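First the structure, in the form of structure tokens, and then the observations on it.
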Amino acid sequence: MSSSSSFIALAKRCAPSLLARGHAFAPAALSHRAALTTRSRPTQSEALPAMPPAIEDEPLSPPTFLQSVNHFFTRAASLTDIEPGLMDVIRACNSVVQFRFPLRRDDGSVEVLTGYRAQHSTHVLPTKGGIRYAPDVNLQEVKALAALMTYKCALVEVPFGGAKGGVCIDRRNYSTEELERVTRRFTHELHARNLIGSGKDVPAPDYGTGPQEMSWIRDTFSQLNPGHMFTAGCVTGKPVGHGGIRGRQSATGLGVFYAIRTMLDQPNILKQVGLSSPGIQGKTFVIQGFGNVGYWTAKFVEEDGGKIVAIGERDGIVYDREKGISIPALKDHLMGNNGSVENFTNEDSPTVRVIPDTDLICGIECDVFVPAALESVIHGDNADMVKAKIIAEAANGPVTADADEILNERGGIAIIPDLLANSMGVMCSYVEWSKNMTGMRLGRLTKRFEESHGRHLVDVLESNGINLSKQQKNNVIAGADEETHVRSGLEDTMIAACEQVVDIAKEKNCSLRDAAYVKALESIAGHYSRAGNWP
Ligand code: NAD
């Protein structure tokens, strides 16, 4: 049986058992079909429009990104006691819009573009989620990504609902001026539909977008809302000089690094995957995607003594098992070569080479594989190739539902799931948004006070005959600036979240992914139970 058909079989197997347990969250298409076969002629009231089965629930081969997210949801839901109706409420996407808008190209021609925004859950506001510029953005993808945002925020206790949006473009085909027009018009379209604002819905960077786009979004929103006090909080991931926060650009990659480091310190994870020593030092890494998330993850891993043996980009894999890849050298090369790894060499390492077949990345032997590009890269047909002991999902949805089942069945592989691994992007966005709401930079009022406190402490120590080195004195005296606050908050949040997930996984004897979903779902269910279902 192919892996995709085994996923369908699994979905079908799951449905009756879940229904028997009273869970209404078995794939709706399956329960709907079952209902059709057991009924005779419908009565008048039954003939009235019932909820049609959602198209995304039809088991497809291979599963779509949205099906994978819903599959993980369903699997985790069976490990909780949350009431089935409430599960349906949590799972449903509140709203999703698709719109078309024109772009005047630099040559005077007009092109019609397609944009999306999905708001998965408004149980807390604002909703939050990135804007993706990619040629294959679609309705299902933004719904899947928005759902993941809801679960991610709940997991790391960020008080936002989940959202996601995007525009179907390959940004490499557009000039900076054209990208500015796309971004401003997209913002206008969101604004016209009441889908943006610091208390409503707050975009952020995602695949294909960065601080520049966020800056255009903020400016457009400000122009449309003169006198609005909190325009800076309408979007996060802005440049520091335009209402952003120090540390946002590196936040997601830093969080991935913290997640890997924390998991590599857990004795039961090390035992599960057959690693004999803890820590990053000396472990081998493979990273797919060298954009924002991939680059920063690689940088922190390298600085902590990890050996990066392969980095995959869209046109090839840079490979150096002997010496490991130099991250600054590769970054310089990509910046000077329009993002291409072609002809990468490093004078310090004659063993580095470029492999043109990008599909081989999943099969490269390593301790930790970090997919940091796009979804569904590990799927039913290549999951058996994976030779990593740990997969850290820096990208959203890199492992499909059928691949996840195969990897779990194989055993000896731990997957740090996306909703945990890449959650520090939204955590940092939360800090940026809070800064925008208060108008006050973190550390502004406390840094000098902390420094004078530290100086006083050094004086007391020295007057009692305890002499400190220059470095020790600096450490005691340094007051925390904005970036220090941000990093400390991210580290603390990620370590706590990882440890909670590991504990749940142990208690329920389930995967880290199931445990992360369980924690998220219980947190959202708790919110709904307290808030009620008004009106
Ligand atoms: P990015 O656009 O900065 O980088 C993506 C990189 O992947 C690019 O360098 C691109 O060339 C490369 N790439 C594309 N196709 C590839 C392929 N087939 N093989 C190898 N490399 C390929 O995007 P990003 O912001 O780094 O986002 C990457 C992933 O991380 C996405 O799944 C995104 O949803 C997720 N994510 C991003 C953030 C964030 O803060 N930016 C936060 C959470 C999750």
Side-chain angles (χ1 to χ4, degrees), residues 105-107 130-137 167-180 182-183 205-216 237 239 248-250 252-254 256-257 284-303 306-364 366 369-375 377 394-395 398:
R105 304 286 315 246
D106 290 343
D107 65 5
I131 303 287
R132 179 172 279 202
Y133 284 179
D136 45 8
V137 174
V167 181
C168 292
I169 48 165
D170 184 340
R171 61 171 298 135
R172 292 172 302 173
N173 301 334
Y174 296 85
S175 68
T176 305
E177 292 70 26
E178 288 171 336
L179 288 172
E180 177 174 354
V182 170
T183 307
D206 192 74
Y207 185 95
T209 59
Q212 177 61 79
E213 285 74 21
M214 303 307 116
S215 196
W216 288 327
R248 174 60 183 90
Q249 270 211 282
S250 57
T252 309
L254 182 61
V256 175
F257 163 75
T284 51
F285 288 77
V286 170
I287 297 180
Q288 181 190 41
F290 200 62
N292 177 285
V293 181
Y295 163 71
W296 286 104
T297 304
K299 182 174 160 37
F300 292 118
V301 163
E302 183 187 51
E303 283 172 4
K307 185 180 190 186
I308 300 167
V309 297
I311 293 184
E313 251 300 322
R314 52 175 106 218
D315 65 337
I317 301 169
V318 178
Y319 184 74
D320 191 349
R321 185 160 293 278
E322 283 71 27
K323 288 207 78 171
I325 296 157
S326 157
I327 300 309
L330 182 60
K331 185 167 196 239
D332 284 350
H333 177 86
L334 288 176
M335 296 221 346
N337 287 277
N338 210 12
S340 167
V341 297
E342 214 179 30
N343 301 325
F344 175 68
T345 52
N346 181 358
E347 58 188 30
D348 294 335
S349 176
T351 48
V352 69
R353 63 193 166 104
V354 177
I355 304 167
D357 186 351
T358 55
D359 286 345
L360 298 178
I361 190 101
C362 298
I364 298 178
C366 60
F369 177 38
V370 185
L374 281 169
E375 59 264 20
V377 291

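Computed from a predicted model, the values in this text were never measured in an experiment. What's counted below: heavy atoms across the whole structure, side chains too, no hydrogens, waters or symmetry copies.
- Every residue meeting the side-chain contact (heavy atoms from CB on, under 4.5 Å) condition with Glu178, not counting sequence neighbours, appears here in chain and number order: Arg105, Asp106, Tyr174, Ser175, Arg181.
- With sequence neighbours left out, the salt bridge (charged side-chain N to carboxylate O under 4.0 Å, His left out) criterion links Asp170 to Arg172.
- For the side-chain hydrogen bond (donor to acceptor under 3.5 Å, both in side chains) condition, the pairs that include at least one residue of residues 350-361, sequence neighbours left out, are Asp320-Thr351, Ser349-Thr351.
- Tyr319 pairs by the side chain to side chain donor-acceptor pair (under 3.5 Å) definition with Arg321, not counting sequence neighbours.
- For Glu342, there are no side chain to side chain donor-acceptor pair (under 3.5 Å) partners two or more places apart in sequence or in a different chain.
- Considering only residues two or more places apart in sequence or on other chains, Lys307 meets the salt bridge (charged side-chain N to carboxylate O under 4.0 Å, His left out) condition with none of them.
- Minimum interatomic distance between Val256 and Ala394 (heavy atoms only, all atoms of both residues): CG2-CB, 3.8 Å.
- The two residues Val354 and Gly316 come nearest to each other via the heavy atoms CG1-CA, 4.5 Å.
- Partners of Glu180 by side chain to side chain donor-acceptor pair (under 3.5 Å), not counting sequence neighbours, listed by chain and number: Arg184.
- Within the structure, ring-ring contact (aromatic ring centres under 6.0 Å, His included) pairs that include any residue of residues 335-364 comprise His333-Phe344 (at least two apart or interchain).
- Take Arg248 and apply the salt bridge (charged side-chain N to carboxylate O under 4.0 Å, His left out) test, not counting sequence neighbours, and it matches no residue.
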side-chain contact (heavy atoms from CB on, under 4.5 Å) between Trp296 and Leu254, worked out: CA-CA 6 Å; Trp296 286 104; Leu254 182 61; over 6 Å; no
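- Each salt bridge (charged side-chain N to carboxylate O under 4.0 Å, His left out) pair with one or both residues in residues 285-300, not counting sequence neighbours, appears once here: Lys299-Glu303.
- Considering only residues two or more places apart in sequence or on other chains, Thr284 meets the side chain to side chain donor-acceptor pair (under 3.5 Å) condition with Asp367.
- Residues that satisfy the salt bridge (charged side-chain N to carboxylate O under 4.0 Å, His left out) test with Glu302, not counting sequence neighbours, are absent from this structure.
- A side-chain donor-acceptor contact under 3.5 Å links Lys323 to the backbone of Asp348.
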